[in-house]
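For reference, the structure discussed in these notes is given below.
So you know, we letter chains A, B, ... as the sequences are listed, proteins then strands, and number each from 1.
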Amino acid sequence: MLSSWSRVLFAAMVMAVREVRRNVFRSSLTVLGIVIGVASVIAMVSLGKSASEQVTQNVAKMGNNMIMLMPGAPRRGPGGGSGAPFTPADVKAIIQQVTGAQDVAPESAKSALVVFGNRNHTTPIRGSTNAWLRVRGWKVAEGREFTDAELGGANPACMMGSSTRKELFGNQAALDETVRVGNVSCRIVGLFETKGRSGGGDDQDDFILMPLRVFQRRIQGKTDVSSIYLTVKPGRSQTGVVRNLEMLMRERRHIGPGEDDDFHVADTKEFAAAMSTVTTTLTALLGGIAGVSLLVGGIGIMNIMLVSVTERTREIGIRLSIGARGREVLLQFLAEAVGLSLLGGVVGMIVGGAGSYAATRLMGMPFSFPPEIALIAFVFSGGVGVLFGYLPARKAARLNPIEALRHE
Amino acid sequence: MSPLVSLRGVERVYGEGEAEVRALDGIDLDFMPGELVAVMGPSGSGKSTCMNILGCLDQPTAGSYKFADNETRELTQDQLALLRRYYLGFIFQGYNLLARTSAVDNVELPLVYRGVAARERRERALEALRLVGLENRAHHAPSELSGGQQQRVAIARAIVTGPSMLLADEPTGNLDTARKDDIMRLLVNLNERLGITIVMVTHEPEMAEYCRRQVHFRDGKVAEDTGARC
């Protein structure tokens with residue numbers, strides 16, 4: 001009995017294929033509606049995934065699990081002017097007192113002209129310690145980190161980003177060469193791995209890193225620290241570290257109870273969470289809008305199937321008279337509707353995937369096509385077929401055989 | 001031997017009140033297995049309604065229709081469909097073949113619903129077409145066949161399942177005289193060789209001559225019955 005049922009089902013599919021091929025033009029127009037619907041859903045979801053992946057990558061580039069301490073009140077714009085800069089003593093205090101911090105890296109920066117031979121290039125100069133590499137997630141591609149002696153201020157040394165290196169050295173070797181930074185001659189002891197462009201499109205690899213002491217004395221001319229970066233020890237709560245840091249800084253900067261901070265603390269987790277909420281919401285919204293076109297495609301299928309039932313009333317009468325049960329007629333028409341919409345689903349998946357791929361290439365985003373959306377599209381388009389094919393199929397199955405046979 | 005078909009007091013009424021039409025008004029009939037019956041009568045006398053009831057496409061408003069001792073009133077729509085599938089064959093006046101579908105595919109159709117495997121289906125369909133002399137037209141669509149050929153495809157479709165009873169509604173109605181005799185000889189042959197009970201509506205006495213039993217309808221009643229097995 002089961003095998004005879006499967007034969008009936010198979011025969012229904014064969015008949016459906018035959019019917020679709022008989023009306024190629026009409027069928028392709030019907031399918032087109034589903035193709036557009038599925039393609040836009042797929043493209044939107046895939047693009048949304050790509051966007052959130054890019055956000056994740058950008059945050060990872062900024063450094064994992066990082067806390068930023070900057071002068072200026074939090075709501076008066078970034079790096080707001082009103083707060084005084086930090087001091088080396090602040091850094092020392094943080095290292096000693098904020099126990100949840102793994103690495104603490106002070107940073108000061110200033111643009112300066114860098115000269116090598118007859119080439120010169122203006123680039124941001126950053127002063128910090130080796131901790132900065134770990135906190136900001138930079139890796140040494142060639143050479144080494146700073147020695148303690150260098151950090152102490154002896155033998156001016158620097159490390160260089162790959163873009164700066166290219167500007168000054170082209171394809172030549174740069175390690176152990178001496179460049180003039182501002183009016184300091186310093187030896188290149190390390191070269192960084194390339195990170196690429198940031199989320200905002202800035203070249204992250206164009207900078208020079210110097211020991212903070214040397215930078216303060218020879219470039220900046222004062223001992224200010226413009227910002228401090230921290231990472232959190234594994235197993236310690238990020239919020240706890242942030243709270244400790246805030247309390248310490250309020251105390252050190254003599255901010256009384258009830259007074260506003262003149263510094264602010266931000267962390268990448270918070271930033272990443274905010275960004276991913278935005279992309280997720282956007283993906284859902286665009287996917288929803290695209291879903292409307294899938295609905296319209298489904299109504300198109302229903303329309304064509306209703307026309308088809310009316311057109312083929314006599315055929316249905318013949319089938320009923322030779323012993324087809326209502327459910328078998330229903331199955332045949334349902335198979336046709338589901339077949340059409342699955343075809344549309346597969347084509348739409350290919351079109352949507354290709355469109356999303358092209359768009360991500362064009363925008364320089366990572367392409368993401370999670371396999372589950374292919375499955376979802378397949379199930380969804382099949383569902384559309386069942387949903388919108390059922391009504392016309394039931395209409396066909398309920399026909400009275402005598403009246404159906406008389407139908408012209 | 002018990003009758004294959006037994007009608008007792010069968011009525012079929014359409015409409016209600018003033019517009020009431022009594023298409024069948026108390027029909028008693030028995031058909032024995034292997035009979036070849038011609039049903040005759042003027043149009044509107046209830047022949048076609050009776051055929052629809054015999055074919056389980058319609059059901060009586062009152063009375064009893066037993067097919068092989070099964071009371072059809074007690075069967076569901078699905079069970080009636082199965083009865084049509086396994087025991088009945090139809091030949092329609094207007095052929096009722098699927099358009100744009102080859103002769104052999106048309107003949108295969110009832111076997112599809114019986115769940116017969118594709119290869120066996122094809123063999124049996126070709127065999128049925130051979131029986132009606134159309135084996136060399138198997139892959140032609142109905143539009144490429146003459147009326148007589150289409151009627152023979154319809155007969156092949158009706159007999160391919162080996163039904164117990166064949167119901168033919170004016171099978172020769174649209175054909176020229178030579179073709180009519182071909183079709184009638186074919187039906188007589190099927191009746192004699194395969195023992196299929198055949199009930200055939202016609203209003204041509206020459207065609208009814210082929211049948212051993214003739215039933216005349218008038219105003220929804222049986223006016224004359226030459227009787228079984230004469």
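For B:Glu16, the CD atom counts as loosely surrounded, since its 6.0 Å shell holds 12 or fewer non-hydrogen atoms of other residues, nucleotides or ligands. Atom CG of B:Asp219 has 12 or fewer neighbouring heavy atoms from other residues, nucleotides or ligands inside a 6.0 Å radius. Taking a 6.0 Å sphere around NZ of B:Lys180, one finds it holds more than 12 heavy atoms contributed by other residues, nucleotides or ligands. Applying the 6.0 Å contact sphere to CZ of A:Arg398 captures no more than 12 heavy atoms from other residues, nucleotides or ligands. For B:Arg119, the CZ atom sits in a loose shell: 12 or fewer heavy atoms of surrounding residues, nucleotides or ligands are nearer than 6.0 Å. Atom CZ of B:Phe31 sits in a crowded spot, with more than 12 heavy atoms from other residues, nucleotides or ligands closer than 6.0 Å. Heavy atoms of other residues, nucleotides or ligands lying less than 6.0 angstrom from CD of B:Glu144 number more than 12. Within a 6.0 Å sphere centred on CZ of A:Phe367, other residues, nucleotides and ligands contribute more than 12 heavy atoms.
By a heavy-atom distance cut of under 4.5 Å, not one residue of residues 334-343 of chain A is near chain B.
Looking at B:Arg85 and A:Glu328, their side chains come closer than 4.5 Å, going by heavy atoms from C-beta outward.
Atom-to-atom distance recorded for A:Arg325:CZ and B:Leu80:CG is 12.0 Å, nearest 0.5 angstrom. For the atom pair B:Leu57 CG and A:Glu403 CD, the distance stands at 12.0 Å (nearest 0.5 Å). Note that CD1 of A:Ile322 is 6.0 Å distant from CZ of B:Arg157, once rounded to the nearest 0.5 Å. Remark: A:Arg18 CZ to B:Arg100 CZ distance equals 12.0 Å, nearest 0.5 Å. Expressed to the nearest 0.5 Å, how far CD1 of A:Ile318 lies from CG of B:Leu109 amounts to 8.5 Å.
By the side-chain hydrogen bond (donor to acceptor under 3.5 Å, both in side chains) test, A:Arg319 pairs with A:Glu315, A:Gln332, B:Tyr113, sequence neighbours left out.
With a 4.5 Å cut-off on non-hydrogen atoms, B:Thr161 does not touch chain A at all. Of the atoms belonging to B:Leu88, not a single heavy atom falls under 4.5 Å from chain A. If you measure heavy-atom distances from A:Arg327 to chain B, the contacts under 4.5 Å come from the side chain alone.
Closest non-hydrogen pair, B:Arg84 versus A:Leu320, comes out as NE-O, 2.9 Å. The two residues A:Ile402 and B:Asn52 have their closest heavy-atom pair at CD1-ND2, 3.6 Å. For B:Phe92 against A:Ser321, the heavy-atom pair with the smallest separation is CZ-OG, 3.5 Å.
The most heavy-atom pairs under 4.5 Å with chain B, out of A:Gly326, A:Pro401, A:Ala324, A:Gly317, come from A:Ala324. Per-residue heavy-atom pair counts under 4.5 Å with chain A were compared for B:Ala117, B:Pro163, B:Gly89, and the maximum is reached by B:Ala117.
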